[in-house]
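Naming convention: chains lettered A, B, ... in sequence-line order (proteins, then strands); numbering from 1 in each chain. Bear in mind that the values here come from a model prediction, so they are computed numbers and not experimental data.
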Amino acid sequence: MKFLRHLAAATLVVAAVVAAGLAWGHFDPGPLPGPGQGGPGQVVVRGQAVKRLPPGFKIRPGLRVISIGPENLGLTSMFQAVNLPVLRDTVEIEAGVIAAVVILEIGQRRWRRARRARRLADVTRPPR
Amino acid sequence: MATSPAGSVSGAARRRRIAARTRLDFWFDGILLLGYTLAYSYGFTGIGIHEWLGLGLGLALLFHLALHWDWVLRTTRKLTGPRGHDRVIWVVNLALLVGMTLCILSGILISRVALPYLGINLTRIGPFWSTVHDTTAEITLGLVPVHVALRWRWLVRIGRRLLAWRAR
């Protein structure tokens, strides 16, 4: 029961962030979407309608093709060694940040302890 | 201090319950970190797994926040107190909550696989949400390891205890 109350409270906070985000998106003065999802000068083509551009077909200047043919889900990409560096990069960044924070935290704690020890020594030192 | 047998039983049960909760926190947080790492590595997972994993992470993060709601309330009440460490964690966690929520929200809005599969086709979604998704993903990649590292003593302590418990 207590957990459900907490879940409701957490959902409320997340909903508030979502509402703020949607409002931000709604009132954003950025470029408005053009003829398709890709924005001005971009047309998103999905599904079986176009598998590849016909031979000799040229794209009008200013027009950019984002997707041709059905969406490739890439379900096998995890089993291809060529994609492994992407995961390795993420892990390296995370490990680097964790190491930096841990080193900083240890340094800060040592500095605080040393300062506290100095103060204590000053207080307990007998006057000359 | 004298304790009744009933009291010692309830005390032992309470200790077991706390340990169970600690175990849940430890393993669940580990799974969350692994899930986030995979979801961020879009080029590794491919779009299908990236989107479904992102949706799952959204629900899991809500669960994570609910599990630690007591801490949120306690620390928010003590924000004006002298302990600086908890204040830093609170600010990092708040930034992470906003960043992660916006990342998942924008991911849902620009979804090309998961939402159409569920029969939801959002139209007129401009490039704004793609930019938000990319930016918040970069921000969360910086904040998630900080969030983990700020609790590294707890992680090491519990990790050691759990491994020792398993080795016994």
Shortest non-hydrogen separation from [X] to [Y] and the atoms involved:
| X | Y | value |
| --- | --- | --- |
| B:G142 | A:V97 | O-CG1, 3.8 Å |
| B:W129 | A:G21 | CH2-O, 3.1 Å |
| B:G43 | A:V86 | N-CG1, 3.9 Å |
| A:A10 | B:W69 | CA-CZ3, 4.0 Å |
| B:V146 | A:V101 | CG2-CG2, 3.9 Å |
| A:T90 | B:L141 | CG2-CD1, 3.9 Å |

Go through B:R153, B:E51, B:H50 and name the one with the most non-hydrogen pairs under 4.5 angstrom from chain A.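 Top option by heavy-atom pairs under 4.5 Å: B:R153.
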
Heavy-atom pairs under 4.5 Å with chain A - which of B:L38, B:L73, B:D70 has more of them than the others?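 Between B:L38, B:L73, B:D70, the count favours B:D70.
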
Measure the CG-CD distance between B:L150 and A:E105 for me, rounded to the nearest 0.5 Å.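 Here the interatomic distance stands at 7.5 Å.
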
Where at least one partner belongs to residues 126-135 of chain B, residue pairs that pass salt bridge (charged side-chain N to carboxylate O under 4.0 Å, His left out), sequence neighbours excluded: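 Sorted result for residues 126-135 of chain B: empty, none.
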
Plane angle bin for B:F128 and A:W24 - parallel if under 30°, tilted between 30 and 60°, otherwise perpendicular: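 Geometry flag for B:F128 against A:W24: perpendicular rings.
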
Can you tell if the side chain of B:T45 reaches within under 4.5 Å of the side chain of A:N83, non-hydrogen atoms only?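 SC-SC contact between B:T45 and A:N83 ruled out.
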
Would you call B:L109 and A:L22 a side-chain contact if the rule is heavy atoms closer than 4.5 Å?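 With C-beta onward as the side chain, the pair touches.
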
Using non-hydrogen atoms only, which part of [X] is less than 4.5 Å away from chain A: side chain, backbone, both, or neither?
| X | answer |
| --- | --- |
| B:L67 | both |
| B:V72 | neither |
| B:L62 | both |

Residues two or more places apart in sequence or in another chain: which of them pass ring-ring contact (aromatic ring centres under 6.0 Å, His included) with B:H68?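 Partners of B:H68 under the ring-ring contact (aromatic ring centres under 6.0 Å, His included) test: B:H64.
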
Is it true that atom CZ of B:F28 has more than 12 heavy atoms of other residues, nucleotides or ligands lying nearer than 6.0 Å?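 Counting other residues, nucleotides and ligands, CZ of B:F28 exceeds 12 neighbours.
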
Which is it for B:F44 and A:D89 under the side chain to side chain contact (heavy atoms under 4.5 Å, CB included) test, yes or no, and what are the steps along the way? CA-CA 11 Å; B:F44 175 71; A:D89 285 350; over 6 Å; no

Sort A:R112 into side chain, backbone, both or neither according to what part of it lies under 4.5 angstrom from a heavy atom of chain B.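 Neither; nothing under 4.5 Å.
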
Same cluster (ILVMFWY, side-chain, under 4.5 Å), B:V91 and B:V88: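 Per the 4.5 Å side-chain linkage, B:V91 and B:V88 are co-clustered.
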
Begin from the C-alpha positions of A:E94 and B:L33 and carry the test side chain to side chain contact (heavy atoms under 4.5 Å, CB included) through to its verdict. CA-CA 10 Å; A:E94 286 179 343; B:L33 180 63; 4.3 Å; yes

